[in-house]
Amino acid sequence: MRKVVRRIIGGVLILGLGLVGWRILSSRLSSPVAWAHDCPPPNCEDRHNLYVPGAGYVANAWTYGYWFGGVLEGWGSSSSSRALYYIFVGSRIWHCAGSCSVQDQYLDQCFYCTGKGTRSVSSSVYDAYINTRSAYRASPDPSGPPGVEYYTSVWPAGVMSCARYWWSGQRC
Amino acid sequence: MIRHAFSGGMKGGMGFLLVGVLVGLGVLGLREGLPAALTPSPAHAAALPREPFIAFVGPLPFARGLLTMEVLRAEGVALFSGWVPLRLAAMGRPLDGVIVDGEALRWMRPEDQKWLQARFREGVVIVVLGVDQDEVVPVLGLKRLRDPKEGVIPMGPLEYTLVYSQVLGEPEDQARLGDWLGRLIEQGDSYTSGIRRPLFASFRKAIGRLDSEQEVRLLFRRLHTTIDGAYDLRAQFEEARRRWEGSPGVGGKP
């Protein structure tokens with residue numbers, strides 16, 4: 001009798017675990033957008049629906065990064081829900097000891113596109129942060145609406161999200 | 001008789017001319033090196049190869065900090081002790097990355113430099129070991145590598161500079177873009193008005209050290225991610241171009 005009860009309980013447990021696994025897997029597979037924007041703090045700063053003059057609230061900007069084995073590694077992305085004339089994404093890591101130097105930077109730009117992400121930048125310097133500059137311009141017309149730029153950073157998320165860090169390595 | 005003498009003189013003159021041209025080319029070759037145009041590189045495949053072609057050029061045997069011949073071999077890097085053997089090898093297989101020891105910069109002839117600059121423009125990742133990044137600038141035909149806001153902290157013999165850039169677009173748009181890399185490094189952006197079709201551009205610069213195992217691992221991690229990025233950029237550009245041409249007004253046109 002006990003054997004039968006154990007088997008039933010075991011079967012129910014396996015079935016339950018299977019159902020939970022299936023739900024997780026199917027939610028991942030059926031919603032690639034949610035997967036792409038899986039942005040756990042403090043590893044990621046994700047800004048949505050940013051305003052681009054001439055295009056509206058179409059832009060997204062994020063920086064993702066993490067420390068692993070004494071190395072900070074991460075990357076940035078600039079994207080838009082509609083094609084824009086110009087999109088820039090640039091991730092930088094500075095190191096300041098007296099004066100500042102760029103340890104690693106990856107700068108990408110595209111014309112007539114919906115977005116671009118950098119490849120990973122990395123550094124083992126102790127004072128490292130990854131800051132991403134995301135810039136957008138809607139129109140090819142030089143006299144059209146102006147461009148706009150946003151900053152995101154890690155680690156932790158948002159700690160160096162300012163133009164000052166990106167351009168000079170100085171803290172925000 | 002006269003005609004015979006004339007044709008004989010003509011033949012002799014042509015012979016002298018030929019010898020003169022060959023001697024001239026020989027002297028030029030000795031001074032400038034093997035012409036870059038004689039060692040072209042084939043186009044890169046669309047997809048990242050299982051084992052990218054990464055070459056090292058420098059003195060053999062080699063050791064700089066913890067970067068040794070054994071480490072290079074373990075990472076699948078092909079070793080060359082001179083520019084010409086490297087250039088000849090790259091004729092058969094497109095290069096993805098070149099690790100240049102600072103010593104090899106001294107042996108570089110002007111034509112080797114032209115050849116390296118051509119590979120750099122094709123998106124080959126260049127790593128230069130043991131010299132300051134300012135010394136890399138003329139080698140790659142650039143105006144500068146340091147950001148204007150960067151302090152000049154001289155780099156030593158156990159440091160390296162990794163550089164990569166690539167621009168993909170129609171030739172007329174690339175002409176409109178002009179010295180985009182110069183402006184990008186100088187101004188942090190190289191926005192250009194008047195571009196007519198999809199255009200993608202990418203630049204990376206990293207500096208690091210060779211005095212710890214972690215730093216050497218980081219060098220190869222950076223090298224491989226950049227090579228991966230170079231192939232990815234080509235694929236993204238081709239996709240954008242296909243979309244643009246396939247469905248005008250829907251694809252990339254804003």
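Letters go in sequence order (proteins before strands), and every chain restarts at 1.
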- [ ] Please test V71(A) against R217(B) for side chain to side chain contact (heavy atoms under 4.5 Å, CB included), starting from the C-alpha separation and ending with a verdict.
- [x] CA-CA 10 Å; V71(A) 172; R217(B) 275 200 303 274; over 6 Å; no
- [ ] Evaluate the criterion side chain to side chain contact (heavy atoms under 4.5 Å, CB included) for residue pair I207(B) and Q103(A); output intermediate values, then yes/no.
- [x] CA-CA 5 Å; I207(B) 58 171; Q103(A) 296 296 297; 3.8 Å; yes
- [ ] Verify side chain to side chain contact (heavy atoms under 4.5 Å, CB included) between Y112(A) and D173(B), making sure each step is shown before the conclusion.
- [x] CA-CA 12 Å; Y112(A) 302 107; D173(B) 279 334; 5.9 Å; no
Open item on the list: Between D189(B) and Y86(A), does the side-chain hydrogen bond (donor to acceptor under 3.5 Å, both in side chains) criterion hold? Intermediate values first, please.
Closed with: CA-CA 11 Å; D189(B) 199 325; Y86(A) 177 68; 2.4 Å; yes
- [ ] Assess whether side chain to side chain contact (heavy atoms under 4.5 Å, CB included) is satisfied between K116(A) and S202(B), documenting all intermediate values.
- [x] CA-CA 10 Å; K116(A) 196 78 194 70; S202(B) 189; 6.0 Å; no
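Contact count against chain A (heavy-atom pairs under 4.5 Å) is highest for R222(B) among R196(B), R222(B), K149(B). Options P142(A), C100(A), A135(A) differ in how many heavy-atom pairs under 4.5 Å they form with chain B, and the most are formed by C100(A). In terms of non-hydrogen atom pairs under 4.5 Å with chain A, the most contact-rich of G229(B), A201(B), G169(B) is A201(B). Chosen from E215(B), R197(B), R146(B), the residue pairing most often with chain A at heavy-atom distances under 4.5 Å is R197(B). Ranked by heavy-atom pairs under 4.5 Å with chain A, the first of L168(B), L218(B), T226(B) is L218(B). The candidate from G90(A), S123(A), G98(A) with the greatest count of non-hydrogen atom pairs under 4.5 Å with chain B is S123(A). By number of non-hydrogen pairs under 4.5 angstrom with chain B, the leading residue of G147(A), C96(A), G70(A) is G70(A). Here V102(A) is the residue among V89(A), I87(A), V102(A) with the most heavy-atom pairs under 4.5 Å with chain B. Chosen from C110(A), S80(A), G117(A), the residue pairing most often with chain B at heavy-atom distances under 4.5 Å is C110(A).
Neither the backbone nor the side chain of S165(B) comes within less than 4.5 Å of any heavy atom in chain A. Of the two parts of L233(B), only the side chain, counted from C-beta on, holds a non-hydrogen atom closer than 4.5 Å to a non-hydrogen atom of chain A. Proximity to chain A is limited to the side chain of R221(B), based on heavy atoms less than 4.5 angstrom apart. Residue contact with chain B, scored on non-hydrogen atoms closer than 4.5 Å, is absent for S91(A). Interface residue L177(B): only side-chain heavy atoms are found under 4.5 Å from chain A. Residue L199(B) touches chain A through both its backbone and its side chain, counting heavy-atom pairs closer than 4.5 Å. Residue Q166(B): no heavy atom, backbone or side chain, is found under 4.5 Å from chain A. With a 4.5 angstrom heavy-atom cutoff, R209(B) does not touch chain A via any of its atoms. For Q133(B), no part lies under 4.5 angstrom from a heavy atom of chain A.
Counting all heavy atoms, side chain and backbone alike, Q109(A) lies closest to S190(B) at NE2-OG, 2.7 Å. What you find for Q105(A) and F203(B) is that their closest heavy atoms are NE2-CE2, 3.7 Å. Taking both residues in full, the closest heavy atoms of R119(A) and T225(B) are given as CD-O, 3.5 Å, listed atom of the first, atom of the second, then distance. Residues D147(B) and R92(A) approach most closely at OD2-NH2, 2.9 Å, considering heavy atoms. Shown here for C113(A) and F200(B), the closest heavy-atom pair between the two residues is CB-CZ, 4.3 Å. Heavy-atom minimum distance, F88(A) versus L184(B): CE1-CD1, 3.9 Å.
Contacts between residues 159-172 of chain A and chain B, defined by a heavy-atom separation under 4.5 Å, are made by W166(A), W167(A), S168(A).
Rounded to the nearest 0.5 Å, atoms CZ (F111(A)) and OH (Y191(B)) are 7.5 Å apart. Within the model, atoms NE2 of H95(A) and CD1 of I153(B) stand 7.0 Å from one another, a figure rounded to the nearest 0.5 Å.
Between Y106(A) and Y164(B), the angle of the ring planes lies from 30° to 60°, which puts this pair in the tilted group.
The local environment of OH in Y126(A) is crowded, with over 12 non-hydrogen atoms from other residues, nucleotides or ligands closer than 6.0 Å.
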